[in-house]
Amino acid sequence: MLLQLLSVLWEALSLQVVLVFLATFLLIADYKKQIRPRNYPPGPRPLPFLGSTLHLDFKKPQISAQKLAEKYGNVFGLQTGNIRIVVVNGLHLVKEALVHQGEYFVDRPKSPVLDKIFGSLGLVFSNGLIWKHQRRFALSTLRNFGLGKRSLEERIQEESRYLKEAIEAEKGQPFDPHFQINNAVSNIICSITFGDRFDYHDSRFQKLLHLLDEALLLQGSLWSILYDIIPSVMKYLPGPHHTLFKKWGQLKYFVREIIEKHKEDWNPSEPRDFIDAYLNEMAKEDSASSFHEENLLHSALDLFLAGTETTSTTLRWGLLYMAIYPDIQAKVQAEIDSVIGQSRQPAMDDRDRMPYTNAVVHEIQRISNIIPLNVPRLTTKDTTLAGFHIPKDTVLLTNLTSLLFDEDEWETPNVFNPGHFLENGQFRKREAFLPFSAGKRACLGEQLARTELFIFFTALIQKFTFQAPKNETLSREFRIGLTVSPLPYRICAFSR
């Protein structure tokens, strides 16, 4: 009996020793990961396993970044899990990283969430030769299908007519413009990528736009961040992160179906859109090995995502600000009436003669700040920035908020003020205005987005006066997903 008791006690003691050993080993391993390299940027002291996460407000990360910059300087370091992050603030240093040292910060980082959704394929999250080949092909193909040409501008003008008809059907009653605007903007990139637009009452396409919206919102959630920090644990735990992966799976299925239909009636001599052009490239004997069907799927999905989300979000902010500032909306309308009138469609040739409207569009982009920390980069080799050592494989975040709200760059940075882009009544370019990023990884669709923003915005303000519904106050509060978007709101559109 005594021997059995001693045996049980010994086993219990052995288990405790093993657990203590494991806990000590994990703490030491975690501590070693958190040892900063010599001359590494300063930052908050990371906690075991949690890193710097307690120093971040995930609902308002741009505010956290500003506070940390005030404390540690314009270049500071963070840590989430075993991932080192350096955050760069201020126009001079952001341009130094993205432009002057662009080749050292050209890659995209990998994370468990992104890797599970996108892998190393497509236009946004690929690196090296794969990225170079895909980006070069996409730019060339987009130009062939109208980018920068009158034909694409006419396509946007036509879509603006459909959008105005959809809004006019609301008959001045309160409505949420979210998915009507999404549909209109998405139809432009869909016509280039998939060869067709989708009707505003197409239930399948509306479901797809809702899927995209929900997926992007989940991707910016705490659940997604936790999955990146402890993927080996989170993949076994229930939660919205599994819903995120399911929704992206459904989005991929939609694009894959379109590719299959294209393959059925594909005519190599008459490419209709990006998918056809990609199938032609795949068929070439001397094409790069990165041109295959999975890369086609991800590249088409990237174009659909990027061509829908950022511009439509900016336009939703635009209508919200016009309703909040009726005097600014009235000035835009006066300029439209003077230069274009009420009967003719707005065109890009009008922009230079409409400095106030152009300034308002730019101010909407500045103050809405929809990608406040930019799309992350990854160092390709050890380098130095502002005198600090940045090791290879460090994630770089360029804080665009520090540019767009810099008190030294803007007269009234926290106020919606089109005067930021005006000088003596003429439009004024601003160096600190970088909503499309800069350098080799700058937004591939910048020219398309600029055209869409001007034509859609001007066409809507030409046709309607936007107001808050009676007894409702419009809010400028936002929600964080992959972009910073306004909280759902209702608005009234009265025909002029």
Side-chain angles (χ1 to χ4, degrees), residues 33-43 46 51-52 61-62 65 68-69 72-112 114-115 118-139 228 288 290 302 306 371-404 406 431-446:
K33 287 177 186 175
Q34 294 179 11
I35 295 174
R36 294 172 182 265
R38 178 179 287 184
N39 203 28
Y40 190 75
S52 309
Q62 68 273 46
L68 289 168
Y72 296 104
N74 279 338
V75 181
F76 62 85
L78 299 171
Q79 185 144 347
T80 59
N82 61 354
I83 300 170
R84 284 202 184 99
I85 301 170
V86 168
V87 184
V88 178
N89 302 267
L91 177 61
H92 170 71
L93 288 173
V94 167
K95 289 194 76 172
E96 174 67 24
L98 298 184
V99 180
H100 304 304
Q101 292 197 51
E103 69 273 20
Y104 300 139
F105 299 103
V106 76
D107 276 358
R108 293 283 190 225
K110 294 298 170 193
S111 77
L114 292 177
D115 197 53
F118 301 105
S120 301
L121 302 174
L123 296 163
V124 179
F125 297 105
S126 57
N127 289 321
L129 278 177
I130 294 177
W131 167 69
K132 287 179 181 178
H133 290 153
Q134 299 303 309
R135 184 179 173 94
R136 191 183 301 124
F137 174 80
L139 275 170
D228 275 340
S290 63
D302 283 347
I371 308 180
L373 296 175
N374 210 343
V375 184
R377 304 287 185 92
L378 189 75
T379 51
T380 56
K381 58 179 69 176
D382 288 4
T383 187
T384 302
L385 186 66
F388 293 110
H389 173 63
I390 315 293
K392 183 178 183 293
D393 294 331
T394 300
V395 175
L396 181 87
L397 294 177
T398 46
N399 183 10
L400 297 185
T401 307
S402 69
L403 278 62
L404 300 175
D406 188 344
E431 190 181 5
F433 181 75
L434 290 178
F436 297 104
S437 191
K440 295 180 179 180
R441 283 272 192 174
C443 175
L444 184 145
E446 178 177 348

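Since we're looking at a predicted model, the values are computed, not measured. Scope of the values below: all heavy atoms of this structure, side chains included, with no hydrogens, waters or symmetry mates.
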Within a strict 4.5 Å, meaning less than it, do heavy atoms of the S126 and R135 side chains meet? no
Quick one: do L93 and V75 satisfy side chain to side chain contact (heavy atoms under 4.5 Å, CB included)? Show the steps, please. CA-CA 8 Å; L93 288 173; V75 181; 3.6 Å; yes
Using only atom types and a distance under 3.5 Å, with no angle test, would you say the side chain of R441 pairs donor to acceptor with the backbone of V106? yes
What distance do N399 atom CG and D406 atom CG have between them, rounded to the nearest 0.5 Å? 10.5 Å
When rounded to the nearest 0.5 angstrom, what distance separates CD1 in I85 from OG1 in T394? 10.0 Å
Heavy atoms only: give me the nearest A288-H133 pair and the separation to one decimal. CB-ND1, 3.5 Å
So L396 and I390, do their side chains get closer than 4.5 Å, heavy atoms only? no
Just verifying a value: how many Å separate N74 CG and S402 OG, rounded to the nearest 0.5 Å? 7.0 Å
Look up atom CD in Q79 and atom CZ in R84, then write down how far apart they are to the nearest 0.5 Å. 6.0 Å
Taking side chain as C-beta onward, heavy atoms only, is L385 less than 4.5 Å from V88? yes
Hey, is NZ on K132 packed in by over 12 heavy atoms from elsewhere, all under 6.0 Å? no
Candidate pair V87 and L68, rule side chain to side chain contact (heavy atoms under 4.5 Å, CB included), full reasoning: CA-CA 9 Å; V87 184; L68 289 168; over 6 Å; no
Distance-only, no hydrogens or angles: does the D302 side chain make a donor-acceptor pair with backbone N or O of L123 under 3.5 Å? yes
Show your reasoning for whether side chain to side chain contact (heavy atoms under 4.5 Å, CB included) applies to V86 and F388. CA-CA 10 Å; V86 168; F388 293 110; over 6 Å; no
Under 3.5 Å donor-acceptor, K95 side chain and A432 backbone: no
Compare all side-chain heavy atoms of E103 with those of T380 and state whether any distance is below 4.5 angstrom. no
Any side-chain heavy-atom pair from S290 and W131 closer than 4.5 angstrom? no
Please check: side-chain N/O of T379 versus main-chain N/O of F105, any donor-acceptor pairing under 3.5 Å? no
Heavy atoms, side chains only, cut-off 4.5 Å: are P61 and L373 in contact? yes
Can you list the residues that meet the side-chain hydrogen bond (donor to acceptor under 3.5 Å, both in side chains) rule with E96, with sequence neighbours excluded? Q101
Between the side chain of N127 and the main-chain N/O of R108, is any donor-acceptor distance below 3.5 Å? yes
Once rounded to the nearest 0.5 Å, what's the spacing between atom OG1 of T401 and atom CD1 of I371? 11.0 Å
If we only count heavy atoms from C-beta on, is the L397 to L78 side-chain gap below 4.5 Å? no
Return the set of residues passing ring pair (Phe, Tyr, Trp, His ring centres under 6.0 Å) with F433 (not counting sequence neighbours), or none when no residue passes. H362, F421
Answer yes or no: is there a donor N or O on one side and an acceptor on the other, between the side chain of D382 and the main chain of H389, under 3.5 Å? no
Which value, rounded to the nearest 0.5 Å, describes the distance between L434 atom CG and T398 atom OG1? 9.0 Å
Under 3.5 Å, is there a donor-acceptor pair between the side chain of K440 and the main chain of L98? no
Looking only at heavy atoms, the pair that brings R377 and A438 closest together is NH2-O, 3.3 Å
Is the shortest side-chain heavy-atom distance between F76 and N89 below 4.5 Å? yes
So which atom in A138 and which in L444 form the shortest heavy-atom distance, rounded to 0.1 Å? CB-CD1, 4.1 Å
